[in-house]
2 protein chains.
Amino acid sequence: MSFGPRVLIVDDEVHLMKIIKTCLTREGYRVLQATTGERGLRMALEEKPDLVVLDVMLPGLDGVAVCAELRRLHFPAPVLMLTSKAEVEHRIRGLNTGADDYLPKPFDHREFLARVKALLRRQQRDEKKSFLLRFGDAHVDLEKRSATRGANPLKLTKTEFALLDLLAKNGGKSVSREQILDSVWGYTYFPTTRTVDTHIYRLRKKLGDDGEQPKWIQKIQGEGYCLSESTVVQPPE
Amino acid sequence: MSFGPRVLIVDDEVHLMKIIKTCLTREGYRVLQATTGERGLRMALEEKPDLVVLDVMLPGLDGVAVCAELRRLHFPAPVLMLTSKAEVEHRIRGLNTGADDYLPKPFDHREFLARVKALLRRQQRDEKKSFLLRFGDAHVDLEKRSATRGANPLKLTKTEFALLDLLAKNGGKSVSREQILDSVWGYTYFPTTRTVDTHIYRLRKKLGDDGEQPKWIQKIQGEGYCLSESTVVQPPE
DNA sequence: AACAAGGTGTCACAATCCTGTCACATATCG
DNA sequence: CGATATGTGACAGGATTGTGACACCTTGTT
């Protein structure tokens, strides 16, 4: 659907790098590369990738040092550390300096992929604030992905949840159609603008917001849509 | 300042034991010891340590057996298994019997410490899960790993228990197929997503949730599955 | 006030994707 | 061996979704 997350690989073994890159690219990730600790560190800070894959053994600043520095600067993305068997000693420090996972070399590329995905998912989940929304007698829990209308369960599709997610994240601020398309459908897909309207229409209908004047999901003429603030029940904790 | 976590070591090599003990004590852990599988098992159940370190090679009950027994009783703390070099090939088996991590001997004491810490951290993160589930006339005890349907005992396979475990741990929240694969099948095995559906299908059938509308195990279209909240009877204590 | 021009709401429909179901081949266990 | 458990592919029925057509609304202009 969308461009995948961006992954920075810091490794000096060109061959391995190539393999990893192919592997990730094929799955739709965007790959950034660096071959020394220093460049990796700089690139991480500048490009803010969603995940960093760090080889422990690097010329100059080694992986552990890079990781420690990233953490010291409160770099938010997860770090996956690659260690070779001979580097046992480093592996230790790897876990202690804030790497979120590590993988001993040589590894199966599928396992590598599985861990990458898992780390990104976890990240995603942590970021996602669990919002509760209320539309009259309809309640929506964005975290559990469940909804009710009065006493009855209400079935929303994943696109509808994604839409609400986006609108809720922006509070009462209006969100343009373009933003919506980018966020829900991704940059690589180009549906008609009609598509957004249709989904808004369906949402409103399910939520009972189909009176004369939509109360909960409001349009900003020539601009986009926004959630009326009264719908946000609880940004938790 | 509180006492550190309690770690039970089960090993018959006195020398190694001594080293480990010093090592842990210096870091503020409280150390319990046992030199045979039987005593280790008993002590684990009685003292309920926060972590168990198990040598595979033990007189009498060996490490794998102890671990299996602990898991059968749904012992909650993580288990770190110590294996000698020759047993490396078996380490996968070790993991399959319920050990949370393993460490080949001889090991660097710093790596040992790192893994201990990592396990305890992970433990801390894991939320308390609910142990008793009810699906109409079917009851499932995740702790005892037993189930009944009406008056009859109901046999669930270990995969099915693992599935329920995961779903229950996530409360009413939806769990994606990928999460399910990672958690139940692990990073090193790669079944089709079809596999998940089939197991859900079998579970539903056994639990009697195969009416028109599945009531207990619900699908979130395009997303995954979740347990309806009414199935959770009571988190203990 | 009337009009033009583009933005929106509404909806039916076909294409596509997702899930339930099951038979069958393997794997595992005793 | 037999019995049970597990993974896979095929398939049908359902659910979801993008699209176009058309009516209606807004806005700004004569």
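We use all heavy atoms of the structure for the numbers below, so side chains are in, but hydrogens, waters and symmetry mates are not. Numbered from 1 within each chain, the chains take letters A, B, ... in sequence-line order. No experiment lies behind these values; they were computed from the predicted model shown.
- One interatomic measurement links the two molecules: NZ of B:K158 to C1' of D:dT4, which rounds to 11 Å at whole-angstrom precision.
- Whole-Å rounding puts the B:Y201 OH to D:dT8 P distance at 18 Å.
- Counting non-hydrogen atoms under 4.0 angstrom, B:E160 reaches nothing in the nucleic acid.
- Counting atom types as modelled, A:R177 pairs no side-chain N or O with a base atom of C:dG7 as donor and acceptor under 3.5 Å.
- Residue A:R202 has its side chain nearest to D:dT17 when only D:dT17, C:dG20, C:dG9 are considered.
- If you check every strand for non-hydrogen atoms under 4.0 Å, A:I220 touches sugar and phosphate atoms only.
- Judged by closest nucleotide on DNA chain D, B:F190 is the one of B:Q213 and B:F190 placed further toward the 5' end.
- A sub-4.0 Å separation between OP1 or OP2 of C:dG7 and a side-chain N or O of A:Y225 is absent.
- Here the side chain of B:K219 is nearest to one of C:dG9, D:dA15, D:dG9, namely D:dA15.
- Residues A:R30 and A:V7 have side chains not in contact (no heavy-atom distance under 4.5 Å, counting atoms from C-beta outward).
- Using a 4.5 Å heavy-atom cutoff, the side chains of B:T159 and B:V184 are in contact.
- Toward the 5' end of DNA chain D, the nearer of the two residues B:T198 and A:H199, judged by each one's closest nucleotide, is B:T198.
- B:T159 comes within 4.0 angstrom of the backbone, heavy atoms only, and of no base.
- The distance from atom CG of B:L156 to atom P of D:dT6 is 10 Å, rounded to the nearest whole Å.
- Out of D:dT17, D:dA5, C:dT8, the shortest distance to the side chain of B:K155 is found at D:dA5.
- Among the atoms of the strands shown, base atoms are found under 4.0 Å from some heavy atom of B:T195.
- Annotation: side chain of B:H139 is not in contact with side chain of B:L133 (no heavy-atom distance under 4.5 Å).
- As a whole-Å value, the separation of B:Q221 CD from D:dG13 P is 17 Å.
- Within the 4.0 Å cut-off from OP1 or OP2 of D:dT8, at least one side-chain nitrogen or oxygen of B:T192 is found.
- Close to D:dT17, at under 4.0 Å from its OP1 or OP2, lies no side-chain N or O of A:W185.
- Rounded to an integer number of Å, the gap from A:L203 CG to D:dG18 P is 13 Å.
- The CZ atom of B:R194 sits 6 Å away from the C1' atom of C:dT19 (whole-angstrom rounding).
- Between the side chains of B:D197 and B:Y225, at least one donor N or O sits under 3.5 Å from an acceptor N or O.
- Side chains of B:T195 and B:F190 form no contact here, defined as non-hydrogen atoms less than 4.5 Å apart.
- Mapping B:K205 and A:G222 onto DNA chain C by nearest heavy atom places A:G222 closer to the 5' end of the strand.
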